[in-house]
Number of protein chains: 2
Amino acid sequence: MKSDPVNMEVESERRPATAYEVAELAGVSQSAVSRVFTPGASVSATMRAKVLDAAQQLGYRPNLVARSLITRRSSLIGVAVPGTANPFYQAALDALSTSFARIGYRVLLFTSDPMAGSDPILDEVLRYRVDALVLISTSLSSHFADECLQLGLPVVMLNRKTDSDSVSSVTGDNRRGAKELAAFLLAGKHRRFAYVAGLEHSSTSRDREAGFLEGLAERKVRHVERVVGNYSTADTESAVRTLLSSATPPDAIFCANDYMALVAINLARAEFGLQVGTDLSIVGFDDIEMARWPIFGLTTYSQPVELMVRRVIQVVERQLSTAAAPAVQHIVDGELIVRGSARIPQTGVVRSADHWIWRSRKRSDASR
Amino acid sequence: MKSDPVNMEVESERRPATAYEVAELAGVSQSAVSRVFTPGASVSATMRAKVLDAAQQLGYRPNLVARSLITRRSSLIGVAVPGTANPFYQAALDALSTSFARIGYRVLLFTSDPMAGSDPILDEVLRYRVDALVLISTSLSSHFADECLQLGLPVVMLNRKTDSDSVSSVTGDNRRGAKELAAFLLAGKHRRFAYVAGLEHSSTSRDREAGFLEGLAERKVRHVERVVGNYSTADTESAVRTLLSSATPPDAIFCANDYMALVAINLARAEFGLQVGTDLSIVGFDDIEMARWPIFGLTTYSQPVELMVRRVIQVVERQLSTAAAPAVQHIVDGELIVRGSARIPQTGVVRSADHWIWRSRKRSDASR
DNA sequence: CTGAAAGCGCTAACAT
DNA sequence: ATGTTAGCGCTTTCAG
């Protein structure tokens, strides 16, 4: 029930104040207002005070839409993330959002269908004139990649890559990680191996499979059971069910990522009454937070999310500043984290920070 | 090595084509181009074909920034989500992103510090002229809420609410859910109860606590051990550790959400060797996907994310269309899902769809 | 149905 | 240091 005139106009629904209105109130030019709200501009203290005061009164907030139109920079980063329950994506998205915020960018999110490519929505997102695109575990057509290249729009893939090296990527060391896991399993005296693949078209799953087979082949192991989990709960369950129902079930299973490994552990225990780590070894890839929950104690090869995101940001920043900076394929190191879900070899396990890690002979020879 | 003039310009890095350029190529006016790309406009087939063709050649994409400037609608929804590992948030965000996309909106994400309020970043996000704000488990100052109200900006809180009813909210039935969990635990003949609170300032945690105490009080149980988990892994671990180390540890623990309940189950098993569901009962709230993993089998009160998100969207749409539509506080029904993490009462458990649920006498009397 | 013209709210030369 | 002016790329009256 206030009735003083100053508040009156505020009571009713009003459109946001403009710089022009602030200028009028402060008795200065509109460009002066603009300068006060532009970081690197030169304004006298008096002017700043007057403007800030007027702005305060009107609840003025610079319109970034208008600013974007003229600067051609939106300070928006388009981020694609697959619509699945995989905690690794959540962690990556979180880190991206937080890190980009620190350097003045916001994340424009689009949830991609993990099965389909991301082109259709990407196209939509380009209309918003995002300053860069980050694709978490999502692929894009080379046609689209070319278009982005021509537009000078930085694109970086996180946890995925393309055959062409014209698009930047940041991935874990899929090949070596998988190879080490193979060596680890071999050292643990396992005999019958199985691989649970992710999505068939995912470079990550393919690289991990290749590394795994390679590691196994070095010790003359040729036969590896192969099933497909598609990174989904349901598919992984039936895949693992198939594996374990076999007449000669595997004694070591490598899942293309931790999420599937967790699903596998669950199933092995609940449906087959298996003691994971003893009766059956299961390993994954990622080292998501839940992997270290005692109940799972998953042995896995780590992908340091924070570090990977930092790399993504570096790449984006470089491409943004340098006109045609070349695309780069970053591979971030990981470690084979030893926990209880797989039989532990006699040798090679060492303490590192707050966990145990394992290194194959070959690698530890080549000291850093 | 193409050299035809048409492609030449496309080869080099070029700024996006404008409607004006398309118009020129097509030999029509710029407004004609605009019309072709505006859903409800009237254009002849000939015109549309000419324009579309030219647009195709130039790779034209309407600039939504420019469009927003004039229409004053960005088709952006600001969404705040706490930066924690809680899978419930991920599920909610996923559903929001997907559902909003279907009606033409994109999500502008900002990760909020779960401890702090969301005001600082919200202010930042308003500069982007988002069409609405959705806060997932995040609170905002009443001052800020007022400002949004005056701007006619729809704000809806998901899984959180304020004391003031001037801001819309969609929540689960925290009070009743917690009360039923109390009744369930009572029916299971438990004697010593404990509550693991979430963040102290969270309405959700407070409501659940109140409901729990109320349900217990109806059967004259006055003493409830209380610890605080802050929805975080570390705090929950030490809170539960305290509880279980006590001389007279509880035989029933209600955690303010599923995530903390999962952490509690882990800890009880790993550190105390307890058989959860037999030695100790633990229940949660949310019914996240992992709650039904056999390894956890968490008894919990459900919050149907999809439905809640649908409500959020309804509220947003109404506020967007009707100028000053009143704020509403939606409460979405849930069910007490019975699994193995808590002792099961002799009566009251019934089959519903693909799971077991439990209803207190009082409630089942009042048939629908 | 189509074109011309006037801005949306702001930044960026260019003067002063 | 401050004001003036000219757009950014689009939508939207308003004529024709």
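Everything numeric in this text was worked out from a predicted model, so none of it was measured. Every chain is numbered from 1 and lettered A, B, ... according to where its sequence line falls, protein lines coming before strand lines.
- Each of Met47(B) and Ser34(A) has a nearest nucleotide on DNA chain C; the 5'-most of these lies closest to Met47(B).
- In terms of polar N and O atoms assigned as donor or acceptor, the side chain of Arg35(B) comes within less than 3.5 Å of the base of dG3(C) in a complementary pairing.
- Side chains of Gln329(B) and Ser168(B): a donor-acceptor N/O pair is absent below 3.5 angstrom, by distance only.
- In this structure, Asp123(B) pairs ionically with Arg127(B), as a charged nitrogen and a carboxylate oxygen lie closer than 4.0 Å.
- Contact of Ser31(A) with dT4(D) (side chain to base): a donor-acceptor pair of N or O atoms is detected under 3.5 Å.
- Between the P atom of dC8(D) and the CZ atom of Arg67(A) lies a distance of 19 Å, rounded to the nearest Å.
- Under 4.0 angstrom from either OP1 or OP2 of dG3(C) there lies at least one side-chain N or O belonging to Ser29(B).
- If you measure from atom CD of Gln30(A) to atom C1' of dA6(D), you get 12 Å, rounded to the nearest angstrom.
- As a whole-Å value, the separation of Arg73(B) CZ from dC10(D) C1' is 15 Å.
- The nearest whole Å value for the distance from the CD1 atom in Ile70(A) to the C1' atom in dA12(C) is 6 Å.
- The side chain of Arg72(B) places no N or O atom within less than 4.0 Å of a non-bridging phosphate oxygen (OP1 or OP2) of dC8(C).
- Both Pro62(B) and Val28(A) sit near DNA chain D, but only Val28(A) has its closest nucleotide nearer the 5' end.
- Dashed line: the shortest gap from a side-chain N or O of Tyr60(A) to OP1 or OP2 of dC10(C) is under 4.0 Å.
- Val167(A) pairs in a side-chain contact (heavy atoms from CB on, under 4.5 Å) with only one of the listed residues (Val156(A), Val328(A), Val155(A)), which is Val155(A).
- In this structure, Arg129(B) places its CZ atom 12 Å from C1' of dC8(C), rounding to the nearest Å.
- For the pair Asn63(A) CG and dG7(C) P, the computed distance is 18 Å after rounding to whole Å.
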